[in-house]
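Quick caveat: nothing in here was measured; it's all calculated off a predicted structure.
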Number of protein chains: 2
Amino acid sequence: MIAHKIVPNISVDCVVFGFDFEKLNVLLVERELKDEKSGEVIIRDHTLAGYHIFEDEDLDSAAGRILKGLTGLDNIFLEQFGAFGQLDRVSSPRDKRWLDYINKGFADRIVTVGYLALIDNTKVTLRLKERNVSWFPVSMVKEMDLAFDHKYLFYEALEALQRKVKVEPIAFELLPDYFTLSQLQKVYEAVLGTSFDKRNFRKKVAQMHYVIALKKKQQGVAHKPAQYYLFSREVYEKTRKGRISFII
Amino acid sequence: MIAHKIVPNISVDCVVFGFDFEKLNVLLVERELKDEKSGEVIIRDHTLAGYHIFEDEDLDSAAGRILKGLTGLDNIFLEQFGAFGQLDRVSSPRDKRWLDYINKGFADRIVTVGYLALIDNTKVTLRLKERNVSWFPVSMVKEMDLAFDHKYLFYEALEALQRKVKVEPIAFELLPDYFTLSQLQKVYEAVLGTSFDKRNFRKKVAQMHYVIALKKKQQGVAHKPAQYYLFSREVYEKTRKGRISFII
DNA sequence: GCAAAAGTGTTACCGGTACACCCATGC
DNA sequence: GCATGGGTGTACCGGTAACACTTTTGC
């Protein structure tokens with residue numbers, strides 16, 4: 001393995017969202033520091049998935065590399081939601097102690113670029129146990145301790161997700177390749193924190209010609225089996241409407 | 001004046017838009033390099049308004065500082081539209097030569113944070129002539145030479161502006177405090193590159209209760225004088241609709 | 001046969017769009 | 001009085017929202 005030189009004052013942090021057909025979850029990494037002598041736990045909290053960028057990679061590659069490391073997946077949906085450079089973002093006593101401890105030559109002043117990542121839960125559950133990484137319901141984050149300004153970054157990412165999901169077909173990134181309309185509805189509801197009328201929802205989806213019914217149906221379920229659908233990006237790109245009107 | 005230490009590998013670049021009641025313009029800084037002996041012009045092109053951040057300021061402050069320097073204005077509308085860290089963004093021969101020439105200790109690898117700035121033209125026209133800075137019609141940029149990846153940044157900013165203007169009340173940032181409805185319509189048209197029906201546009205504005213008619217009317221114009229309006233952010237914040245529906 | 005989720009239509013209202021003429025002012 | 005931009009209403013259409021029952025399957 002080649003040793004890459006890190007850029008000491010620039011990092012990327014990924015807010016990775018996943019959907020378990022019930023609720024929206026976020027991927028967090030456990031951070032633990034024990035006193036070397038007493039074994040007493042000094043720090044135990046969580047961080048976003050992030051790391052410094054390398055001298056020889058750009059920002060998107062750095063984010064991709066981090067996600068690949070955590071999930072084993074390439075081609076994850078990734079989009080910036082902001083750059084954060086507050087002077088004090090890395091300087092709480094707890095965080096300073098942590099930085100001293102890991103001692104990798106990071107700067108005191110770190111600007112981080114936040115990436116929103118959406119992943120299909122069904123493709124990753126396996127790999128997570130190998131690492132101190134796990135899914136947490138989005139609703140639980142507000143009671144958790146997160147390192148640095150990561151709680152702030154998390155909420156910025158969540159807002160970006162909520163904004164974008166209304167306007168771009170990104171909800172599909174949280175679902176498997178084949179999904180039912182109920183699952184699709186639940187993603188939207190989980191992300192936006194609302195609920196929709198089933199019939200109206202389906203009428204709307206019916207107008208999205210890029211959501212295509214398959215021959216396949218659910219099997220082995222104790223109710224009327226649902227039709228599977230897929231999202232076609234090609235059809236989307238061809239048929240997207242150029243809505244020019246602006247909103248009140 | 002205190003000497004601030006710059007961060008050699010992090011900059012901000014501001015894409016400053018202005019509106020002259022006709023078309024959308026962008027503020028660009030002339031860059032010129034002459035050969036010391038022959039006086040021959042080696043580089044003459046334009047750059048965005050940008051500079052490295054200082055060790056003791058955050059990203060927003062850096063952008064604010066740069067704008068203050070160019071326009072004399074505080075409280076300009078400022079919003080990030082992305083962070084850019086391509087490995088080659090600063091490495092064309094021309095740009096390398098320029099960096100050698102100014103020789104301020106910048107790094108080879110610079111990550112820049114792009115800021116979208118919207119300013120009220122009527123408040124700045126005075127100060128510009130003092131500097132090698134001027135307004136260019138947005139439509140002219142495609143034929144211009146811009147430094148580094150600034151043309152790319154410019155178009156990213158323009159797209160961000162077009163996206164946001166449909167969804168947030170930022171068009172007002174490009175207008176004076178008091179404006180007529182025709183002026184408002186023209187801003188939207190200039191930004192989005194479309195045209196709207198006058199009656200429909202006014203019906204829409206009538207539903208924006210945060211656009212408030214004043215007693216004042218235009219004076220000295222060779223036609224029916226127009227009513228002035230103002231944008232009230234307070235009313236906007238109070239009455240904004242929580243549209244939850246998503247778009248096809 | 002019953003529990004569980006899938007699937008389906010109608011009506012009422014509102015917002016969007018298309019479209020043409022009169023008004024107030026300066027010169 | 002004429003040129004210039006300001007200002008206004010109506011009819012149609014399509015999208016959104018509210019609402020309840022039947023269907024298919026596993027057990």
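Looking at A/Tyr51 and A/Asp13, their side chains never bring a donor and an acceptor atom within 3.5 Å of each other.
Rounded to whole Å, atom C1' of C/dG15 lies 16 Å from atom CZ of B/Phe201. If you take CD of B/Glu189 and P of D/dG5, they are 14 Å apart, rounded to a whole angstrom. To the nearest angstrom, P of C/dA5 lies 18 Å from NZ of A/Lys217. Rounded to whole angstrom, the span from the CZ atom of B/Arg202 across to the P atom of C/dT17 amounts to 17 Å. A straight line from CG of B/Leu181 to P of D/dG7 spans 6 Å, rounded to a whole angstrom. As a whole-Å value, the separation of A/Lys216 NZ from D/dT25 C1' is 18 Å. One interatomic measurement links the two molecules: CD of A/Gln185 to C1' of C/dA5, which rounds to 12 Å at whole-angstrom precision.
Within the cation-pi definition used here (under 6.0 Å to the ring centroid, within 45° of the axis), B/Arg31 qualifies as a partner of B/Phe148.
In this pair, B/Phe19 and B/Phe21 present their aromatic rings perpendicular. The plane angle is above 60°, beyond the 30 to 60° band. Ring pair A/Phe196/A/Phe201 is tilted by interplanar angle, where 30° to 60° counts as tilted. Between B/Tyr210 and B/Phe231, the ring planes lie perpendicular to each other; the angle is over 60°, past the 30° to 60° tilted range.
Within the 4.0 Å cut-off from OP1 or OP2 of C/dA5, not a single side-chain nitrogen or oxygen of A/Ser182 is found. Note on B/Lys204: a side-chain N or O is less than 4.0 Å away from OP1 or OP2 of C/dG16.
The residue B/Gln218 sits apart from the nucleic acid: no heavy atom pair falls under 4.0 Å.
When distances are taken from the side chain of B/Ala226 to each of C/dG7, D/dG6, C/dG16, the shortest belongs to D/dG6.
A 6.0 Å sphere centred on CD of A/Glu237 holds more than 12 heavy atoms belonging to other residues, nucleotides or ligands.
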List the protein contact pattern of nucleotides 19-27 of chain C with one symbol per nucleotide (5' to 3'): B for base contact, S for sugar-phosphate-only contact, - for none; contact means a heavy-atom distance under 4.0 Å. BB--BBBS-
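With respect to A/Val29, the side chain to side chain contact (heavy atoms under 4.5 Å, CB included) criterion is satisfied by exactly one of A/Leu48, A/Asp45, A/Val133, A/Val16: A/Val133.
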